[in-house]
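Step one of this worksheet: look at the structure below.
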Protein chains: 2
Amino acid sequence: MDVRTICLGILTRGDATGYEIKKLFEDGGYQHFVEASFGSIYPALNRLTEEGLVSVREEPQEKRPDRKVYSVTPSGRAALIGTLMKALPEDRHRSPFVFAMLFSDLLPGERVRALLDGYIALSAQKLAQLKLKSTDDMRPGERFAFDLGETIYTATLDFLEKHRAEFDRQTPQAAE
Amino acid sequence: MDVRTICLGILTRGDATGYEIKKLFEDGGYQHFVEASFGSIYPALNRLTEEGLVSVREEPQEKRPDRKVYSVTPSGRAALIGTLMKALPEDRHRSPFVFAMLFSDLLPGERVRALLDGYIALSAQKLAQLKLKSTDDMRPGERFAFDLGETIYTATLDFLEKHRAEFDRQTPQAAE
DNA sequence: GTTTGCATGTAAACGGTTACATGATTGG
DNA sequence: CCAATCATGTAACCGTTTACATGCAAAC
């Protein structure tokens with residue numbers, strides 16, 4: 001899903017500025033499925049405005065750039081639904097960690113253990129973060145997304161902790 | 001991980017042509033973590049050759065373009081290890097499916113069920129594919145990658161099958 | 001006194017995909 | 001007869017990231 005569609009989706013849940021959209025991406029509990037930088041959000045918002053899928057109202061502020069609050073228009077809402085009715089692109093999971101593990105036999109045992117421990121810590125942290133964001137007033141779709149995320153992180157952590165020991169006695173090896 | 005590094009990694013396991021690398025990506029059991037098109041593989045291989053990280057030997061063929069078989073050089077091997085010793089970029093998982101589910105309340109129940117069933121079928125297929133590729137003679141890192149993949153797919157499928165019913169009685173809704 | 005938060009934006013660079021060009025062979 | 005497999009490559013395009021520009025206020 002491109003940034004354009006993601007912005008449209010977020011705005012369907014309520015008005016927001018570009019800045020707020022970024023925040024929602026990062027710690028609204030959506031960070032596991034999507035992410036984007038300002039450099040892509042602001043242009044996306046401008047394009048959506050040009051196309052009439054969202055509207056802007058400017059709230060002047062002193063000593064700061066004006067807040068530009070975006071709202072979805074009826075045709076924006078229709079466009080989002082239209083996108084979700086068509087065939088979706090496939091999920092893509094890119095894992096530099098797994099890629100590195102594929103070559104664990106070329107790396108010093110120390111490094112492999114650091115890789116594993118780092119990944120375990122990160123996953124645990126993400127899981128904790130996710131649990132914090134979970135509330136009772138979620139829509140079914142949101143509930144679904146959160147619980148699926150939790151399931152996957154839990155299964156991953158479980159697996160990693162079970163298999164971590166297998167890499168404990170690896171032959172130390174020279175790097176480079 | 002960029003295509004360049006992935007090619008380097010694959011070649012570390014044995015010589016191959018660009019065409020074969022693509023095949024390995026697709027159905028060597030790595031398709032869950034990485035993927036790339038010819039348009040990125042061939043230029044990557046040329047760049048690696050320029051930089052002296054791989055070498056080429058051309059095998060002339062009749063009625064077909066010459067096979068260009070690539071091998072890693074010692075400095076290529078060192079470069080791969082060097083990359084894996086440095087801090088790795090974070091995993092990124094982009095799921096248009098989960099994104100769509102986030103808006104299930106805006107979609108006709110029919111569509112939501114189709115989305116779920118489609119995703120279940122796809123995951124089941126991927127899992128089956130993964131199991132087929134699993135062999136006894138894998139390196140520990142490969143074994144790890146495969147088993148982790150299996151774990152995640154299994155947990156996902158399990159979750160989906162358990163929660164599918166929740167979307168069965170959704171209010172039908174007009175789209176567009 | 002430095003970092004973080006608020007707030008918007010642009011330009012260059014990057015990495016990648018898609019589509020195209022070419023063409024024989026084999027299998028269904 | 002058509003699709004797939006083998007085999008390499010280029011060019012246009014696309015979406016995104018990174019770095020830059022600007023600047024005050026509040027918190028640490």
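Letters go in sequence order (proteins before strands), and every chain restarts at 1.
Taking atom CD1 of B/Ile41 as the reference point, atom P of C/dG15 lies 16 Å away to the nearest angstrom. If you measure from atom CD1 of A/Ile21 to atom C1' of C/dG9, you get 15 Å, rounded to the nearest angstrom. The CZ-C1' distance, from A/Arg92 to C/dG16, rounds to 9 Å in whole Å. If you take CZ of B/Phe38 and P of D/dT10, they are 14 Å apart, rounded to a whole angstrom. Atom-to-atom, OH of B/Tyr19 to P of C/dA24 comes out at 17 Å; the value is rounded to the nearest Å. Put simply, CD on B/Glu20 is 10 Å from C1' on D/dA7, counting in whole angstrom units. In this structure, A/Glu26 places its CD atom 13 Å from C1' of C/dC6, rounding to the nearest Å. Summarising the geometry, the separation between CZ on A/Phe25 and P on D/dT16 is reported as 10 Å, rounded to the nearest angstrom.
Comparing D/dT8, D/dT10, C/dT8 by their closest approach to the side chain of A/Lys68 singles out C/dT8. With distances taken from any side-chain atom of B/Ala36 to the nucleotides D/dT17, D/dG9, C/dT17, the minimum falls on C/dT17. Taking the side chain of B/Arg94 as heavy atoms from C-beta on, and the options C/dA7, D/dT17, D/dG9, the nearest nucleotide is D/dT17. Comparing atom distances between the B/Pro43 side chain and each of C/dT10, C/dG16, D/dT10 picks out D/dT10 as nearest. When each of D/dG15, C/dT10, C/dG15 is scored by its nearest atom to the side-chain atoms of B/Asp2, the top-ranked nucleotide is C/dG15.
Residue contacts for A/Gly39: at a heavy-atom cut-off of 4.0 Å it reaches a base atom on one of the strands shown.
Put simply, A/Ser40 has no side-chain N or O that comes within less than 4.0 Å of OP1 or OP2 on D/dG15. Between C/dA7 and A/Lys23, no contact under 4.0 Å exists linking OP1 or OP2 to a side-chain N or O. Applying the 4.0 Å criterion to OP1 and OP2 of D/dT18, one finds that A/Ser37 has every side-chain N and O outside that range.
Cluster membership for A/Ile81 and A/Leu11, using ILVMFWY side-chain heavy atoms within less than 4.5 angstrom, is shared.
Taking the ring centroids of B/Phe97 and B/Tyr119, they lie under the 6.0 Å cut-off. Between A/Phe144 and B/Phe167, the ring center distance clears the sub-6.0 Å criterion.
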A/Leu148 and B/Val98: CA distance, side-chain angles, deciding distance, side-chain contact (heavy atoms from CB on, under 4.5 Å) verdict: CA-CA 9 Å; A/Leu148 177 56; B/Val98 174; 4.0 Å; yes
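A salt bridge links A/Glu90 with B/Lys126: the closest approach of a Lys/Arg side-chain nitrogen to an acidic carboxylate oxygen falls below 4.0 angstrom.
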